[in-house]
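Here's the structure, in structure tokens; my notes come after.
First the proteins, then the strands, lettered A, B, ... as listed; each starts at 1. For clarity, every value in this text was computed on a predicted model and none was experimentally measured.
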Protein chains: 4
Amino acid sequence: MPSAPRWRRRSDARPQELLDAALETFVERGYAATNMDEIARRAGVSKGTLYLYYPGKAELLKAVVRQSLLGNLAEAQTQASAHSGTFGELLNYFLGEFTRRISRTNISGIPKLILAESGNFPEIAQFYFEEVIQRARTLITDILRQGIACGEFRPVDPDYAWRMIVAPLVLGVLWKHTFLPFEPDGLDFDRYLDCQLDMLAHGLVASETPAGRNTP
Amino acid sequence: MPSAPRWRRRSDARPQELLDAALETFVERGYAATNMDEIARRAGVSKGTLYLYYPGKAELLKAVVRQSLLGNLAEAQTQASAHSGTFGELLNYFLGEFTRRISRTNISGIPKLILAESGNFPEIAQFYFEEVIQRARTLITDILRQGIACGEFRPVDPDYAWRMIVAPLVLGVLWKHTFLPFEPDGLDFDRYLDCQLDMLAHGLVASETPAGRNTP
Amino acid sequence: MPSAPRWRRRSDARPQELLDAALETFVERGYAATNMDEIARRAGVSKGTLYLYYPGKAELLKAVVRQSLLGNLAEAQTQASAHSGTFGELLNYFLGEFTRRISRTNISGIPKLILAESGNFPEIAQFYFEEVIQRARTLITDILRQGIACGEFRPVDPDYAWRMIVAPLVLGVLWKHTFLPFEPDGLDFDRYLDCQLDMLAHGLVASETPAGRNTP
Amino acid sequence: MPSAPRWRRRSDARPQELLDAALETFVERGYAATNMDEIARRAGVSKGTLYLYYPGKAELLKAVVRQSLLGNLAEAQTQASAHSGTFGELLNYFLGEFTRRISRTNISGIPKLILAESGNFPEIAQFYFEEVIQRARTLITDILRQGIACGEFRPVDPDYAWRMIVAPLVLGVLWKHTFLPFEPDGLDFDRYLDCQLDMLAHGLVASETPAGRNTP
DNA sequence: TATGAATGAGAGTTCATTCAT
DNA sequence: TATGAATGAACTCTCATTCAT
């Protein structure tokens with residue numbers, strides 16, 4: 001078992017350190033209000049050094065977005081193809097997984113950042129749209145279609161229903177980064193997830209049939 | 001014979017024209033990337049004129065937000081108190097009304113703007129939180145609680161369920177202003193609403209009882 | 001005895017009202033920090049009206065200076081030619097008169113204004129130099145020369161001595177408008193004058209002759 | 001073969017160069033009429049460089065004043081405590097020293113600047129009042145009191161007499177920076193000093209005693 | 001004569017980017 | 001590779017001046 005190396009060439013860790021500092025700052029302040037000095041300071045390097053690794057502020061933002069998303073995407077894809085159980089269980093699994101990430105990491109700031117800057121960085125918005133959203137859409141509509149086909153799900157409109165499934169996640173992200181400071185009671189993501197799963201499965205309307213049912 | 005006058009006095013219509021131009025530009029570009037010159041140009045006035053009506057860029061943003069919201073708020077409040085029919089019908093009514101506004105007016109850019117700039121303008125975020133979100137929350141949780149009490153709704157968790165109801169609206173707003181340009185098929189808000197109402201009412205899971213129903 | 005007229009055509013009093021407001025503001029704030037809006041407001045007219053009477057800010061300053069000085073100058077000239085008594089008495093009279101004006105009116109702000117703006121308004125400085133300073137110089141050096149000739153004064157260097165006589169007046173003006181707010185005890189102009197006259201007459205050094213005297 | 005570099009690093013000399021350029025410009029134009037571009041141009045740097053060293057125009061002015069005065073103050077204090085000879089000689093020494101500085105260096109522009117801007121920068125005026133004027137007052141009144149006590153000086157009013165002693169210096173400063181350009185014969189500071197010392201010592205009035213006396 | 005809305009040049013300041021070291 | 005002093009364009013905001021009313 002190798003012990004930790006006694007030293008590392010700085011440059012190996014550098015790009016990642018810079019991206020981390022940039023992510024943090026962009027998420028905290030927004031793109032325009034972030035200045036390169038601050039990123040450099042947080043990364044513990046000089047401003048000039050940033051430009052050795054990234055050609056400019058805009059490119060730095062893109063790099064931040066790209067690398068923040070790509071890891072998560074690959075992972076999700078893998079898990080999807082290796083599932084077992086009902087489609088409802090798979091859906092629950094994804095929603096739970098996602099909710100947990102929102103509540104724990106600050107990568108959740110990225111989507112908000114993209115929304116905010118989509119007007120000024122259409123390429124980033126498009127990149128996000130194609131790489132993240134379209135994949136999520138495919139993933140979920142596939143599940144829906146199969147679930148409907150096998151009678152597990154009601155015959156909803158998959159091309160629009162996937163947005164209803166995703167919407168609470170998006171709201172959660174935004175809430176965490178926008179209104180949480182103003183809520184004295186905070187937000188309980190476990191309860192949030194429970195409520196979402198319950199409503200997603202059974203809807204709001206009390207059915208005439210006496211028997212209640214459980215999670216999808 | 002004098003040529004066209006260099007400017008013309010428009011004093012009555014001016015403030016609203018300026019707000020319109022500002023709303024448009026802020027929504028399109030975001031706060032930081034918007035410059036006063038551009039707003040002035042769109043409003044057909046000189047830069048200095050803006051400062052005759054609003055003391056600065058930040059105040060202009062606040063004025064835009066304030067006046068965009070206040071009108072809508074008053075209206076919603078009025079309609080709420082004058083409803084008849086089941087709670088499900090009332091909910092449907094609100095969601096429909098809201099969806100129609102998203103799809104037709106460009107006031108829907110305001111919420112996105114607020115989300116984007118909440119970090120830099122906490123006061124605006126707080127204003128929005130208190131004036132808009134808290135009211136919506138009260139409105140919806142009241143409906144939910146009453147609907148549950150009278151057996152119309154399943155016993156969901158109202159303090160969180162209201163967010164599930166609102167989430168698709170928020171997503172719709174963001175979608176319109178962020179990803180619509182990238183979608184070749186556009187977005188059909190009628191279908192969007194139908195899907196939302198259906199899922200909200202009955203959920204995703206097929207009930208064991210053979211008979212399906214349609215209205216929430 | 002005529003009673004006050006029931007009305008006056010506004011325009012008769014206007015120019016003087018404007019000059020008064022301008023003097024007050026220029027003295028208080030300095031030329032650059034004074035804006036036309038403020039002058040107009042103090043004069044109770046609109047900004048545009050200022051331009052009906054004076055072609056611009058610089059011209060307004062010149063008009064203020066000119067009219068503030070001309071009156072005083074004429075007066076001084078008259079009194080000088082109609083004096084009687086020793087030259088020492090004449091000198092005392094002028095110094096007293098001037099000191100009284102410094103202490104009572106706020107015209108004393110004009111010299112400070114001129115000093116401050118001499119770099120930006122050489123014409124005003126030159127005007128002041130020729131109309132005020134050179135006259136004062138002539139007046140005083142004449143008195144000195146005659147006083148020396150008749151044995152009343154010691155044989156001082158009149159071309160420079162006149163400045164020593166004037167210096168305390170200048171200092172008094174500046175003091176009043178610059179440092180007075182910082183002095184808890186204020187400034188007693190009577191004592192100031194007494195001290196000046198005493199020192200001007202007899203100097204600082206105790207003479208070997210036992211008898212002291214008091215008037216110059 | 002590279003052409004001349006766009007800029008050169010001068011970091012050590014820079015701050016002083018900037019202060020020099022600023023002093024020159026402020027004295028020439030006054031605070032408000034001085035713009036940062038001009039200072040930068042005179043210092044041979046770009047406008048942005050100024051802001052690397054001083055946070056703004058106002059702070060730059062304060063820095064100019066502070067550093068111009070502090071050196072001179074310390075020096076004067078030192079000399080005062082190490083004097084020998086009569087009090088009259090000490091007074092003469094100071095007046096001579098001061099006059100020489102007025103005539104040779106352009107630091108003499110600082111007092112004029114302070115007078116001119118005292119309305120807009122009360123802090124600077126107060127700083128000057130406390131650090132410069134109050135010290136000078138103490139210095140001179142102490143000398144006067146001691147001189148009077150030992151019979152060297154006539155019993156003048158020290159709290160006001162010190163202003164009479166200082167007044168010609170102030171006038172000299174103002175003269176140099178305000179009216180000198182208009183005087184064809186210029187100003188001979190040696191003669192100015194001689195005249196001041198002579199009048200300060202013996203006053204204007206010819207004493208009845210036949211014997212003349214010498215310098216204080 | 002009087003107004004005050006409108007103008008637009010110019011101010012101080014910021015900051016992404018460059019480059020001599 | 002790393003630095004950070006230097007740059008200069010772009011920004012917000014001010015205000016003397018103009019002119020339709």
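The CG-P distance, from Leu50(D) to dA9(F), rounds to 16 Å in whole Å. When rounded to the nearest whole Å, the span between OH of Tyr54(C) and P of dT18(F) equals 17 Å. What separates CG of Leu61(B) from P of dC13(F) is a distance of 12 Å, to the nearest Å. The nearest whole Å value for the distance from the CG atom in Leu18(A) to the C1' atom in dT1(F) is 13 Å. With rounding to whole Å, Leu60(C) atom CG is found 12 Å from dA16(F) atom C1'. Remark: C1' of dC15(F) and CZ of Arg29(C) are 15 Å apart, rounded to the nearest angstrom. One atom, CD of Glu38(C), and another, P of dT14(F), lie 15 Å apart when rounded to the nearest Å.
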>> Determine whether Leu23(A) and Val65(A) satisfy the following criterion, side chain to side chain contact (heavy atoms under 4.5 Å, CB included), listing intermediate values before the conclusion.
In response: CA-CA 8 Å; Leu23(A) 167 61; Val65(A) 171; over 6 Å; no
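A salt bridge does not link Arg66(D) to Glu131(D): none of the charged nitrogens lies less than 4.0 Å from a carboxylate oxygen.
With Thr34(D) contributing its side chain and Gly30(D) its backbone, the two residues share a donor-acceptor pair below 3.5 Å. Proximity of a side-chain donor or acceptor of Thr49(A) to a complementary backbone N or O of Val45(A) within less than 3.5 Å is not detected.
Cation-pi check for Lys57(A) over Tyr31(A) is met; the charged atom lies under 6.0 angstrom from the ring centroid and within 45 degrees of its normal.
With DNA chain E read from its 5' end, the first of the two nearest nucleotides for Leu52(C) and Val45(B) is the one closest to Leu52(C).
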>> Expected output check: what is the dot-bracket annotation of DNA chain F, where ( ) and [ ] are pairs inside the strand (brackets for crossing ones), | is paired with another strand, and pairs are Watson-Crick or G-U under 3.5 Å?
In response: .||||||||||||||||||||
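Within the 4.0 Å cut-off from OP1 or OP2 of dA6(E), at least one side-chain nitrogen or oxygen of Tyr53(B) is found.
Shown here for Ser68(B) and Ile107(B), the closest heavy-atom pair between the two residues is O-CD1, 4.2 Å. Residues Ser118(C) and Lys112(D) share a closest heavy-atom pair of OG-NZ, 2.7 Å. Taking each heavy atom of Leu113(A) and Val27(A) in turn, the nearest pair found is CD2-N, 4.5 Å.
Scored by the salt bridge (Lys or Arg N to Asp or Glu O under 4.0 Å) test, Glu38(A) finds Arg29(A), Arg41(A), Arg42(A) as partners (sequence neighbours excluded).
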>> I'd like to compare against my own output: the B/S/- annotation of nucleotides 9-16 of chain E with a strict under-4.0 Å heavy-atom distance to protein.
In response: -BSBBBSB
